[in-house]
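First listed ligand is number 1; within each ligand, the first listed atom is number 1.
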Amino acid sequence: MDLNESSTERAFRAEVRDFIAANLPKDLKDKAEAGYRMHMADGQRWHKILAAHGWGAPGWKKENGGLDWDPTRLYIWEEEMSAANCPPLSPFAVKMVGPVIAHFGTKEQKDKWLPPARCGEHLWCQGYSEPNSGSDLASLRTMAVRQGDKYVVNGMKIWNSYGHEADWMFALVRTSTEGKTQEGISVLLIDMKSKGISHRPIITIDGSHILNEIRFENVEVPVFNRIGEENKGWTYAKYLLGNERALIAQIAQSTKLVKRLKQVGANELSNGRGLIEEDDFRAKLAAIEVELEALRITNQRVLYEAKSGTAGNGGAILKSKGTFISQALSELMLEAVGYYSSPWVMEALEVGWNEKPIGPGYAKNAMPLYARQRANTIEGGTEEIQKNVIAKQVLGL
Ligand SMILES: Cc1cc2nc3c(=O)[nH]c(=O)nc-3n(C[C@H](O)[C@H](O)[C@H](O)COP(=O)(O)OP(=O)(O)OC[C@H]3O[C@@H](n4cnc5c(N)ncnc54)[C@H](O)[C@@H]3O)c2cc1C
């Protein structure tokens with residue numbers, strides 16, 4: 001495995017960089033650089049710009065409107081977007097449900113859902129977890145009872161990200177109570193405007209409204225909206241979870257945070273020295289950077305395996321280590337900006353806040369970021385579950 005970028009990859013990196021410099025709207029760039037909160041609508045706006053250039057879902061196959069980019073290209077693309085402070089793109093449509101529809105859906109289903117997912121027209125959310133079904137997802141109880149050409153859905157989903165803004169949900173529902181729990185699950189695509197759907201916001205410790213509790217009361221879903229076979233949904237769900245774990249490695253974001261920590265560290269303190277000159281701070285930052293470098297190489301190994309068709313089980317490793325690193329960096333940022341991250345004023349995260357800035361632009365983001373990163377231990381499969389997966393599938397224990 002050659003860890004160096006080829007000349008083609010270097011040229012591609014330059015192309016992405018040039019495209020972003022020419023096309024990222026200035027207000028979005030300024031907003032991110034000033035440390036304001038980026039919203040779903042910001043990501044959607046950027047997604048539409050990318051889509052107009054043909055980069056809406058470049059990892060998809062050409063027959064589905066993609067560009068067939070390999071994992072290395074996708075990685076470079078994402079790394080450059082993150083480094084340039086582009087608004088984050090929602091993963092649900094392009095990285096999660098899109099590949100499932102492309103792989104297991106019918107032609108009619110692909111025609112209906114793939115183009116708007118690719119172009120950023122539809123926002124999607126994931127309806128997997130339930131109040132008593134998280135790690136043990138197969139025990140889920142939201143029922144879908146078939147009545148002619150429709151299902152009638154009753155039940156509840158929880159920890160649902162962006163369900164209050166989404167147009168569609170890809171949901172796991174129970175269509176049979178016979179046999180093993182895994183054998184009675186189906187995947188339904190549910191229009192979030194359907195009658196009988198209601199949601200209750202869950203405000204997280206970072207003060208934001210991203211999560212929701214979603215209730216279904218006699219919600220009618222056409223049978224057309226079922227992906228693949230009835231009661232075979234567990235297979236499709238597992239296909240999607242593998243993709244989700246690799247997403248949470250956050251290598252590009254952590255790389256950016258290291259850079260910001262160095263910028264913060266370069267600020268002069270009252271003693272006339274920058275924090276970066278303090279041995280303790282340097283040692284802490286260096287230790288995390290070493291871990292990040294190791295993760296980057298592991299990621300390249302996983303990409304190499306994916307490219308050469310010898311796919312391993314890297315997702316759980318990337319998720320586990322990536323979580324540790326992003327949390328350690330957010331903690332160090334908190335230490336570095338000190339009292340500038342406090343008081344934590346929610347309004348200061350929105351454009352239009354015109355009080356005198358407190359400390360460096362991203363100081364105001366340090367506490368919400370620290371709080372948000374705690375959730376990485378849980379979302380997309382908890383740390384304990386990742387360790388179980390690594391023990392079983394990677395170490396063969
Ligand atoms: C920020 C955030 C966003 C999320 N977004 C979504 C979303 O959009 N859609 C969605 O469907 N879900 C979402 N989730 C839910 C997430 O997938 C679940 O929280 C997660 O799978 C854990 O399930 P649980 O909360 O029920 O915890 P539980 O499964 O009840 O786990 C509780 C504790 O027990 C431990 N545990 C459980 N089983 C085992 C085991 N076999 N071995 C060892 N330890 C074990 C866990 O590690 C954990 O510490 C989100 C969660 C968060 C935090």
Side-chain angles (χ1 to χ4, degrees), residues 37 40 43 88-98 100 123-142 153 155-174 181-182 185-190 192 197 199-216 233-234 236-250 253 315-316 319-320 322-324 326-327 330 368-393 395 397:
R37 197 190 285 280
M40 193 67 145
L89 303 175
S90 165
F92 296 116
V94 171
K95 292 193 174 169
M96 295 169 85
V97 73
V100 173
L123 292 177
W124 284 80
C125 67
Q126 177 184 29
Y128 277 28
S129 308
E130 296 184 6
N132 293 307
S133 308
S135 303
D136 180 20
L137 189 58
S139 67
L140 63 92
R141 289 193 294 197
T142 292
V153 180
M156 185 168 152
K157 297 287 173 185
I158 199 165
W159 312 124
N160 167 274
S161 305
Y162 296 105
H164 58 301
E165 294 181 75
D167 302 294
W168 289 89
M169 170 191 280
F170 52 97
L172 292 184
V173 293
R174 181 153 303 287
T181 49
Q182 286 88 343
I185 291 171
S186 300
V187 174
L188 289 186
L189 309 185
I190 303 180
M192 291 300 282
I197 297 184
H199 60 81
R200 193 179 67 83
I202 302 174
I203 306 300
T204 39
I205 195 171
D206 63 346
S208 56
H209 172 204
I210 290 173
L211 300 182
N212 301 280
E213 188 185 278
I214 309 267
R215 278 180 190 276
F216 300 91
W234 190 244
Y236 320 136
K238 280 196 298 184
Y239 178 84
L240 191 146
L241 279 179
N243 292 340
E244 185 181 7
R245 283 174 189 157
L247 286 175
I248 304 173
Q250 301 200 33
Q253 292 91 322
K319 203 241 151 179
S320 174
T323 293
F324 166 77
S326 65
Q327 291 179 340
S330 68
L369 179 73
Y370 171 80
R372 172 64 187 84
Q373 298 300 69
R374 304 300 101 192
N376 288 355
T377 308
I378 300 167
E379 65 187 311
T382 69
E383 179 61 15
E384 288 79 10
I385 296 300
Q386 303 314 308
K387 296 253 165 74
N388 285 351
V389 172
I390 294 167
K392 210 165 141 190
Q393 296 180 2
L395 303 176
L397 299 173

Quiz item: Considering only heavy atoms, which of E379, M96, Q126 lies nearest to atom 9 (N) of ligand 1?
Solution: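 The option holding the nearest heavy atom is Q126.
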Quiz item: Which option, P91, S129, G134, S139, owns the non-hydrogen atom nearest atom 24 (P) of ligand 1?
Solution: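 The nearest heavy atom belongs to G134.
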Self-check item: Over 12 foreign heavy atoms within 6.0 Å of CH2, W234
Solution: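 Yes.
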Counting heavy atoms only, which part of [X] comes closer than 4.0 Å to ligand 1: side chain, backbone, both or neither?
X    : result
N388 : side chain
T204 : neither
T382 : side chain

Practice problem: Of all the heavy-atom pairs spanning D206 and T204, show the shortest one and how long it is. | Solution: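 In terms of heavy atoms, the two residues are closest at OD1-OG1, 2.7 Å.
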Quiz item: Can you list the ligand 1 atoms lying under 4.0 Å from a non-hydrogen atom of S135?
Solution: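 Result: 23 (O), 28 (P), 29 (O), 31 (O), 37 (C), 38 (N).
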Quiz item: Quick one: which ligand 1 atoms are inside 4.0 Å of a heavy atom on I385?
Solution: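 Once the distances to I385 are compared, the set is 38 (N), 39 (C), 40 (C), 41 (N).
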Self-check item: Passing candidate, side chain to side chain contact (heavy atoms under 4.5 Å, CB included) with I214, options E130, H164, M192, M156
Solution: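 Among the candidates, only M192 passes.
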Could you measure the distance from the [atom1] atom of [X] to the [atom2] atom of [Y]? Nearest 0.5 Å is fine.
X    : Y    : atom1 : atom2 : value
R374 : I205 : CZ    : CD1   : 10.0 Å
Y128 : T142 : OH    : OG1   : 13.5 Å
F324 : Q373 : CZ    : CD    : 13.5 Å

Quiz item: Under the 3.5 angstrom rule, does the side chain of Q386 hit a backbone N or O of G381 as a donor-acceptor pair?
Solution: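 Checking the backbone N and O of G381 against the side chain of Q386, a donor-acceptor pair under 3.5 Å is found.
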[X] versus ligand 1: do any nitrogen or oxygen atoms come within less than 3.5 Å of each other?
X    : result
Y128 : yes
R372 : no
S161 : yes
D136 : no
S133 : no

Exercise. Carefully, step by step, assess S139 and S133 under the rule side chain to side chain donor-acceptor pair (under 3.5 Å).
Key: CA-CA 6 Å; S139 67; S133 308; 2.9 Å; yes
